[in-house]
Amino acid sequence: MLEKYGPGCFNDFLWIYENSEPGIRPNIEARTREASEILAGVTAPVGRHLAREFGVSLADLVQWGSTDNADWLSGYPSAPRTTGLPR
């Protein structure tokens with residue numbers, strides 16, 4: 001989708017980010033930095049447990065999109081395989 005249409009808002013709902021000007025909403029670096037700051041304060045054991053299980057931290061997440069419902073679309077750029085879960 002990014003290759004065909006570029007970053008931005010799709011169907012007035014789904015935001016896809018990419019490296020762009022920092023002041024533009026679909027900037028992946030700015031959104032990821034903002035998400036990392038928020039996640040640094042997360043104390044929920046479930047998220048931290050899953051991150052440890054995969055050998056990563058919540059700060060490693062890249063926020064590549066969001067929705068107008070405030071859902072975050074995030075993922076790890078790469079993670080070592082430390083469990084039996086499929087990649």
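We number each residue from 1, following the sequence as shown.
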Original post:
Does the side chain of Y17 pick up a donor-acceptor pair with the side chain of S66 at under 3.5 Å?
Top reply: yes
**OP:** Give, for atom CG of D68 and atom SG of C9, the distance between the pair rounded to the nearest 0.5 Å.
**Re:** 5.5 Å
Subject >> Contacts of E18 that satisfy salt bridge (charged side-chain N to carboxylate O under 4.0 Å, His left out) - sequence neighbours left out >> reply: none
Original post:
How far does CD of Q63 sit from CG of N27, to the nearest 0.5 angstrom?
Top reply: 11.0 Å
Original post:
How long is the span from the OG atom in S74 to the CG atom in L39, to the nearest 0.5 Å?
Top reply: 7.5 Å
**OP:** Indicate yes or no: at least one non-hydrogen side-chain atom of L73 is less than 4.5 angstrom from one of L14.
**Re:** yes
**OP:** Could you pull out all residues at least two apart from E29 that satisfy side-chain hydrogen bond (donor to acceptor under 3.5 Å, both in side chains)?
**Re:** none
Original post:
Between W64 and I28, is any pair of side-chain heavy atoms under 4.5 Å apart?
Top reply: yes
Subject >> Residues in side-chain hydrogen bond (donor to acceptor under 3.5 Å, both in side chains) contact with D71, at least two apart in sequence or another chain >> reply: T67
Original post:
Any donor and acceptor pair, going by atom type alone, linking the side chain of T32 with main-chain N or O of V62 inside 3.5 Å?
Top reply: no
